[in-house]
Student: 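Once you've had a glance at the structure underneath, I'll fire off some questions.
The model shown is predicted, which means the values in this text are computed figures rather than measured ones. Along the sequence shown, the residues carry numbers beginning at 1.
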Amino acid sequence: MTEKQAETTRIRTPAGLNAYAAVADVVLVLAFAASGRSSHAEALTPVGVLSTAWPFLAGLALGWAVSRSWKAPLLIWPNGVAIWAITVAGGMVLRIATGDTAQPAFIIVASIVLAVFLLGHRLLARLVLRRLVRRRTKQNRSGAWLR
């Protein structure tokens, strides 16, 4: 464990940050399923989207559990990468186990899209939070927050 990772695990993660990361992950997996259904001219009903998304949502839940992401939900390495890899692998295994297909092209596209979604929102959130912390630190030094 690097010094930065050890420091991250010592700091208690705000519940709002966990909620953001978990909800964003679920919404993005649902968006992935909806876009896949749309590109194949399948119905975009809630039941249809859920029937496509459930293997990946199960993989996502497993990824959160294995990586213990609630300790540092925006950490890209190793947490975000573990969530992404387990979401893809778990989703593919469950699709095949339930009689669906997982052609090589689909595996590649799903891997890329879910990487952009699951890692991208973490990167953006980290950048936003870093900016907010810098801004707040500057305002604290100037006394603006003390008024």
Side-chain angles (χ1 to χ4, degrees), residues 1-137 139-140 145:
M1 182 181 290
T2 67
E3 184 177 320
K4 187 172 185 171
Q5 289 172 325
E7 180 181 318
T8 302
T9 59
R10 282 192 297 260
I11 299 169
R12 188 155 187 240
T13 302
L17 205 51
N18 277 320
Y20 157 76
V23 168
D25 283 349
V26 168
V27 167
L28 290 168
V29 168
L30 291 171
F32 159 72
S35 69
R37 289 184 67 82
S38 176
S39 68
H40 293 285
E42 295 180 54
L44 289 178
T45 63
V47 171
V49 172
L50 283 174
S51 72
T52 301
W54 81 263
F56 297 97
L57 291 171
L60 177 66
L62 181 61
W64 267 79
V66 168
S67 68
R68 298 169 36 174
S69 271
W70 55 88
K71 291 186 174 187
L74 298 182
L75 199 59
I76 294 170
W77 175 260
N79 297 16
V81 172
I83 288 171
W84 162 68
I86 294 168
T87 299
V88 172
M92 295 303 167
V93 166
L94 288 171
R95 280 178 62 90
I96 292 167
T98 58
D100 221 333
T101 62
Q103 299 297 322
F106 174 65
I107 295 170
I108 292 167
V109 169
S111 297
I112 292 169
V113 170
L114 287 171
V116 169
F117 281 5
L118 298 176
L119 301 176
H121 88 82
R122 283 174 169 78
L123 178 62
L124 290 173
R126 288 174 64 90
L127 293 173
V128 167
L129 286 174
R130 186 175 296 144
R131 257 196 162 162
L132 289 173
V133 167
R134 282 186 191 149
R135 183 179 298 155
R136 184 169 285 173
T137 303
Q139 289 175 338
N140 279 343
W145 286 94

Student: State the CG-CG distance between L50 and L30, to the nearest 0.5 angstrom.
Tutor: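 It is 6.0 Å, given to the nearest 0.5 Å.
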Student: Counting only N and O atoms by type, is there a donor-acceptor contact under 3.5 Å from the side chain of S38 to the main-chain atoms of A34?
Tutor: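 Checked: no pair found.
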Student: Which heavy atom in S111 sits nearest to a heavy atom in V88, and how many Å separate them?
Tutor: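 So the minimum-distance heavy-atom pair works out to OG-CG1, 3.4 Å.
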Student: Which pairs with one or both residues in residues 78-122 pass ring-ring contact (aromatic ring centres under 6.0 Å, His included), sequence neighbours excluded?
Tutor: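 Checked against ring-ring contact (aromatic ring centres under 6.0 Å, His included) - neighbours excluded - the pairs reaching residues 78-122 are Y20-H121.
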Student: If you measure from CZ on R68 to CG on L75, what distance do you get to the nearest 0.5 Å?
Tutor: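 The CZ atom of R68 sits 13.0 Å away from the CG atom of L75.
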Student: Could you report the tightest heavy-atom contact between V29 and A53, atom names first, then the distance?
Tutor: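 V29 and A53 have their closest heavy atoms at CG1-O, 4.3 Å.
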Student: If I take atom CZ from residue R122 and atom CG from residue N79, how far apart are they, to the nearest 0.5 angstrom?
Tutor: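 Here the interatomic distance stands at 8.0 Å.
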Student: If you measure from CE on M92 to CG on D100, what distance do you get to the nearest 0.5 Å?
Tutor: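 Going from CE on M92 over to CG on D100, the span is 10.0 Å.
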Student: A side-chain contact here means heavy atoms from C-beta on lying under 4.5 Å apart; do I83 and S69 qualify?
Tutor: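 With C-beta onward as the side chain, the pair touches.
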Student: With a 4.5 Å cut-off on side-chain heavy atoms, are T87 and D25 touching?
Tutor: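 When only atoms from C-beta onward are counted, T87 and D25 do not touch, as no gap falls below 4.5 Å.
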Student: Quick check: closest heavy atoms across I76 and L119, and the distance to 0.1 Å?
Tutor: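 Distance-wise, the nearest heavy atoms are CG2-CD2, 4.2 Å.
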Student: Can you give me the closest heavy-atom contact between G59 and I86, atom names plus distance?
Tutor: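 Nearest pair, atom of G59 first, then I86: O-CG2, 3.5 Å.
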Student: What pair of heavy atoms forms the shortest contact from T52 to R37, and how long is it?
Tutor: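 Where T52 meets R37 most closely, the heavy atoms are OG1-NH1, 2.9 Å.
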Student: Can you find a heavy atom in the side chain of W64 that is under 4.5 Å from one in the side chain of N18?
Tutor: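 Counting from C-beta outward, W64 and N18 do come under 4.5 Å.
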